[in-house]
Structures are given as structure tokens and as C-alpha cells.
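Remarks on the structure that follows.
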Amino acid sequence: QLLGLETPVEHTLVNTAAILEALAVVKLDDAEDFDLSWLTAVPPGTQVVGVFGSLGPGDHATLARLERHGQSPRAILLDVNAWGVVAHSGADTHPLDSTLHTLSNAGWRAQGLGPRDDLNAVWQQVSQ
């Protein structure tokens, strides 16, 4: 799930409570593709923050397209193998390192998050 937050980048460190509150009410779905219909209602330059689990083959291109809409989007990628999460519906997924490399090349600031990682430290790296 993606959130379009109208908070300038320099204020995200100060206002992490609003981000965490928004993430707390995100509903999961079984959709195979990202629903990007909300992009039409979001002004260009809006900060995009994503928290992702396993990503399928078409997801990298979609996320690269989002970078062109937002302002240096941020992502936390859950290391689903380390967390022991099974990929949805048997879809091919890309390894964490490959996804981090792809998103970084597309202009995202992204970090992986495993079960032993400190979420606060990972968020600090992503939000710099």
C-alpha cells in the first residue's frame, strides 16, 4: 500500500507520529498490481512513502514510474525471507538486494528491514 503524504521532506522527522498513525490504519488487500488511481488527486511533488513486502515482476516498473510523480520517494522494504513470510499467491518475487538496487537507480531512497533491524534506525536512513 502506498501513501501520498503532503508533508515536506524536512518536516517528516518532526512529524513521524502522523506518518505512523496513517500507516496504522492501512488496509491490506490481495491485489496483484498497485492501484495508482489516487495519483490523479495528489499534487506533483508530494512526498511518497512506501512500505513493501514481496514485490512481483511488474512492481519495479510501477515504482519507477511513481518516482517521476513524487519528490525523492522513500521506501522500507521488508525482508520477507528473513521474516519467514511466504510470497502471495506463488508470484515470482525479486530478492531484496535486487529490489533495493532497482529502486535506488529509479531515484527512491530505500532500505531493507529484517526482523533484527531497528525500525527507527532504518527510518532515519530512508528519511535523510
Side-chain angles (χ1 to χ4, degrees):
Q1 186 72 33
L2 298 172
L3 299 175
L5 301 176
E6 296 185 27
T7 304
V9 174
E10 60 270 9
H11 297 293
T12 58
L13 291 176
V14 176
N15 196 12
T16 55
I19 293 170
L20 294 174
E21 188 174 313
L23 289 172
V25 296
V26 169
K27 292 185 178 20
L28 301 177
D29 61 41
D30 293 329
E32 299 258 338
D33 297 317
F34 290 118
D35 174 12
L36 299 181
S37 61
W38 57 271
L39 274 177
T40 59
V42 176
T46 298
Q47 181 66 63
V48 175
V49 176
V51 178
F52 305 106
S54 58
L55 297 173
D59 297 333
H60 287 179
T62 301
L63 293 175
R65 198 173 76 209
L66 272 175
E67 187 279 330
R68 290 190 294 272
H69 185 82
Q71 176 185 18
S72 188
R74 273 72 163 141
I76 294 178
L77 301 165
L78 300 178
D79 186 347
V80 294
N81 292 330
W83 286 93
V85 177
V86 177
H88 62 280
S89 67
D92 278 341
T93 58
H94 291 281
L96 179 64
D97 289 340
S98 172
T99 300
L100 285 170
H101 180 73
T102 300
L103 290 180
S104 178
N105 284 343
W108 285 73
R109 292 187 184 175
Q111 279 296 126
L113 179 70
R116 298 184 194 278
D117 295 329
D118 179 358
L119 175 59
N120 188 45
V122 171
W123 176 249
Q124 293 298 323
Q125 291 174 338
V126 169
S127 63
Q128 290 182 2

Residues two or more places apart in sequence or in another chain: which of them pass side chain to side chain donor-acceptor pair (under 3.5 Å) with N105?
->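 Result, side chain to side chain donor-acceptor pair (under 3.5 Å) vs N105: H101.
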Sub-4.5 Å side-chain heavy-atom contact between L119 and I76 =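 Side-chain contact under 4.5 Å: yes.
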Are the side chains of V48 and W108 in touch, meaning some heavy atoms are under 4.5 Å apart?
->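 Side chain of V48 against side chain of W108, heavy atoms only: contact under 4.5 Å found.
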Closest non-hydrogen atom pair between A75 and L103, with its separation |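 Closest pair (atom of A75, atom of L103, distance): CB-CD1, 4.3 Å.
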Check each of [options] against [X] using the side-chain contact (heavy atoms from CB on, under 4.5 Å) test, and report the only one that passes.
X: D79; options: D97, L96, L100; answer: L96
X: W123; options: V49, L113, D118; answer: V49
X: F52; options: L63, L78, D59, T99; answer: L63

